[in-house]
Enquirer: 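Once you've had a glance at the structure underneath, I'll fire off some questions.
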2 protein chains.
Amino acid sequence: MPPLYQKIADDLREKIRRGELRAGDRLPTEPQLQEQYGVSRNTVRLATAQLVNEGLVESIPGRSGGIFVRERITLTFHASRAEFPTGAYAETDAWRSEVADQGHEASQEFDLRIEALPAELAQRLGVEVDSHAAVRRCVRFVNGQASSVQDTYYPMDLCQRVTELLSPRDVPQGTTRLLASRGYEQVAYEDEILARMPTPAEAQLLDLPPGTPVLLYIRTGFTNERAVRVSVTSFAGDRNRLAYTLGDSAVIGRFRDREEEPH
Amino acid sequence: MPPLYQKIADDLREKIRRGELRAGDRLPTEPQLQEQYGVSRNTVRLATAQLVNEGLVESIPGRSGGIFVRERITLTFHASRAEFPTGAYAETDAWRSEVADQGHEASQEFDLRIEALPAELAQRLGVEVDSHAAVRRCVRFVNGQASSVQDTYYPMDLCQRVTELLSPRDVPQGTTRLLASRGYEQVAYEDEILARMPTPAEAQLLDLPPGTPVLLYIRTGFTNERAVRVSVTSFAGDRNRLAYTLGDSAVIGRFRDREEEPH
DNA sequence: GAGTGGTCTAGACCACTAA
DNA sequence: TAGTGGTCTAGACCACTCC
């Protein structure tokens with residue numbers, strides 16, 4: 001026999017799944033749930049806490065507050081399209097236009113810092129573990145809400161040869177083209193993708209409700225001679241999707257007539 | 001001023017981060033934490049519940065139980081290598097040998113069912129929404145623990161032409177080769193990747209502790225004529241990583257000397 | 001038997017915000 | 001002002017499992 005709070009959570013989850021409670025709807029208040037299920041307030045709170053942790057609902061305090069079924073929009077980031085020379089735009093513009101294509105408003109904020117390179121990133125860049133790097137951070141906003149944060153690490157020796165990398169502003173033509181024009185053309189990328197719960201810093205920056213994972217996307221870029229940069233992107237897991245196209249992409253275009261909902 | 005339980009959680013999290021508490025270590029017991037911080041048991045439990053939800057610790061009841069710092073091993077699944085004709089093995093063998101290369105023991109279980117095709121998958125396959133599909137399920141185990149579950153959906157009309165797809169057993173040469181040998185060579189794949197909290201069914205199947213997301217990996221396979229299958233893989237988010245290689249992979253091989261820890 | 005975490009109650013005070 | 005969720009206390013009984 002499952003515990004009471006579990007049964008209450010199951011019941012509410014089922015109501016959401018069946019559409020009896022829909023995105024944006026308010027659940028019964030805590031006193032109402034106490035009465036409906038004949039339990040104490042703490043038990044009700046154990047149930048709703050579970051739904052919050054699953055990312056299904058969100059609780060908002062105050063007179064007009066309550067517990068609400070969360071809604072979600074999902075953006076698709078086409079990782080296999082980004083940053084290849086065939087692209088007509090800089091990578092940031094590619095992102096911007098991709099968001100616009102999906103019917104939303106895009107903006108981004110840059111900054112630059114110099115930092116000691118974390119060991120696992122130094123390894124990817126093939127440089128010494130105690131070396132430093134220029135970190136270009138790009139926080140991307142969709143409809144005014146932070147959606148992802150990307151930190152791109154460039155080894156310092158490279159920055160000394162391509163000093164524009166140390167500009168605290170966006171590089172108009174894009175850093176990929178900038179590097180290519182200086183003889184550092186990236187010919188291969190290695191991407192790694194993980195899912196985990198956010199750090200408190202990520203949760204704050206991306207305004208993630210409890211129970212929302214981040215999709216972590218790590219791209220290492222290589223010229224024929226060396227690794228030139230590694231970028232670490234944290235996507236808000238409830239609002240983003242990554243996409244890759246492998247093989248003959250013309251085939252896929254022929255069959256695409258969708259922009260479907262997440263699974 | 002953050003609430004008390006928040007400060008306790010922050011304190012414990014920081015001890016874990018600094019290495020004062022390491023993977024496998026036991027946290028102080030609830031009565032000990034009550035005394036240390038001078039709070040009630042419920043407050044202690046609010047703090048530890050938060051760490052559990054972040055996936056940092058795991059609580060085990062019983063006389064020899066306690067709250068333990070979780071350890072994690074991370075496997076890498078090379079999505080861009082899998083299932084291309086250059087591969088010497090069937091995809092399941094490729095997975096098996098990849099796990100073995102990473103120093104672990106691999107096993108898997110198959111079953112087959114016939115199911116109505118969920119709308120979002122019918123769309124990917126370009127078939128009618130009320131049609132059925134053969135679903136081949138493969139649960140993959142690493143060191144005896146379920147690590148991922150993959151459901152591959154084949155439209156029924158295809159199964160009628162390639163009846164081996166309806167076998168409830170593993171297909172020895174792999175379904176990709178089987179299909180290719182019958183004139184359905186997959187020439188392109190479209191991959192989608194999402195992160196979300198598990199459904200209760202996934203949490204049970206993958207034995208996921210609270211606070212562990214799943215990494216969802218959806219691959220649609222295309223021949224020159226049509227989409228022939230879509231597979232949906234749920235990876236336990238705390239134990240898996242996806243990898244893609246884009247561009248000239250020989251370049252990357254030249255620089256690879258790692259099998260590093262997750263970020 | 002004794003100590004662990006799991007569940008549950010009853011009641012209190014708080015901050016916030018629309019009415 | 002009244003109602004929402006957020007925090008916190010004190011105490012109870014339970015199941016489980018090593019000693």
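Just so it is clear, the structure is predicted and the values come from calculations on it, not from any experiment.
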Enquirer: Calculate, to the nearest 0.5 Å, the distance between atoms CD1 and CG belonging to Ile67(B) and Leu33(B) respectively.
Expert: 6.5 Å

Enquirer: Once you apply a heavy-atom cut-off of 4.0 Å, does Ile60(A) come out as touching a base, just sugar-phosphate, or nothing?
Expert: sugar-phosphate

Enquirer: Which of the following nucleotides, dG6(C), dG5(D), dT9(D), is nearest to the side chain of Ser40(B)?
Expert: dT9(D)

Enquirer: On DNA chain C, compare the nucleotides closest to Val44(A) and Gly62(B); which residue's is nearer the 5' end?
Expert: Gly62(B)

Enquirer: State whether Arg140(A) and Glu109(A) are salt-bridged, where the test is any N-O pair (Lys NZ or Arg NE/NH1/NH2 against Asp/Glu carboxylate O) under 4.0 Å.
Expert: no

Enquirer: Is any N or O donor-acceptor pair between the side chain of Arg45(B) and the base of dT7(C) shorter than 3.5 Å?
Expert: no

Enquirer: Would you say Asn240(B) and Ser148(B) are linked by a side-chain donor-acceptor pair, where the criterion is simply a distance under 3.5 Å?
Expert: no

Enquirer: I want to verify a distance call: between dT7(D), dA10(C), dC8(C), whose nearest atom is closest to the Asn42(A) side chain?
Expert: dA10(C)

Enquirer: Could you work out which one of dT4(D), dC8(D), dG5(C) sits closest to the side chain of Ile67(B)?
Expert: dG5(C)

Enquirer: Which of these nucleotides, dC8(C), dG5(C), dG5(D), is closest to any side-chain atom of Pro61(B)?
Expert: dG5(C)

Enquirer: Once you round it to whole Å, what is the distance between C1' of dG6(D) and CG of Leu46(A)?
Expert: 14 Å

Enquirer: Parallel, tilted or perpendicular: which one describes the rings of Tyr244(B) and Tyr217(B), with boundaries at 30° and 60°?
Expert: perpendicular

Enquirer: What is the distance, to the nearest angstrom, from the OH atom on Tyr5(B) to the C1' atom on dG6(D)?
Expert: 7 Å

Enquirer: Could you tell me the separation between the CG atom of Leu33(A) and the P atom of dT4(D), rounded to a whole number of Å?
Expert: 11 Å

Enquirer: Could you pick out which residue, Gln6(B) or Ser64(A), lies toward the 5' side of DNA chain D when each is mapped onto its nearest nucleotide?
Expert: Ser64(A)

Enquirer: Within this structure, what is the CZ-to-P distance between Arg41(A) and dT7(D), rounded to whole angstrom?
Expert: 10 Å

Enquirer: Rounded to the nearest 0.5 Å, how far does CZ of Arg239(A) lie from NE2 of His104(A)?
Expert: 12.0 Å

Enquirer: Would you mind telling me which of dT9(D), dG5(C), dC8(D) lies closest to the side-chain atoms of Val39(B)?
Expert: dT9(D)

Enquirer: Any donor-acceptor pair under 3.5 Å joining the side chain of Arg63(B) to the base of dG5(C)?
Expert: no

Enquirer: Which sits closer to the 5' end of DNA chain C, Gly66(B) or Pro2(A), going by the nucleotide each is nearest to?
Expert: Gly66(B)

Enquirer: Tell me the interatomic distance from Glu35(A), atom CD, to dG3(D), atom P, rounded to whole angstroms.
Expert: 15 Å

Enquirer: Within the structure shown, what part of the strands sits under 4.0 Å from Leu4(B) by heavy-atom distance: base, sugar-phosphate, or nothing?
Expert: sugar-phosphate

Enquirer: Expressed in angstrom and rounded to an integer, what is the separation of Gln34(B) atom CD from dG3(C) atom P?
Expert: 15 Å

Enquirer: Decide whether Tyr37(B) and Asp11(B) meet the rule of one side-chain donor and one side-chain acceptor closer than 3.5 Å.
Expert: yes

Enquirer: Just to confirm, is there a sub-4.0 Å distance from OP1 or OP2 of dT9(D) to any side-chain nitrogen or oxygen of Thr43(B)?
Expert: yes

Enquirer: Nearest whole Å is fine: how far is dT9(D) C1' from Tyr37(B) OH?
Expert: 19 Å

Enquirer: What is the separation between atom CD on Glu30(A) and atom C1' on dA12(C), rounded to the nearest whole Å?
Expert: 15 Å

Enquirer: Using the side-chain heavy atoms of Ser59(A), tell me which of these nucleotides is nearest: dT7(D), dT9(C), dG5(D).
Expert: dG5(D)

Enquirer: Choosing from dG5(C), dT9(D), dA12(C), which nucleotide comes nearest the side chain of Thr29(B)?
Expert: dG5(C)

Enquirer: Classify the side chain of Arg26(A) and the base of dT4(D) as holding, or not holding, a donor-acceptor pair under 3.5 Å.
Expert: no

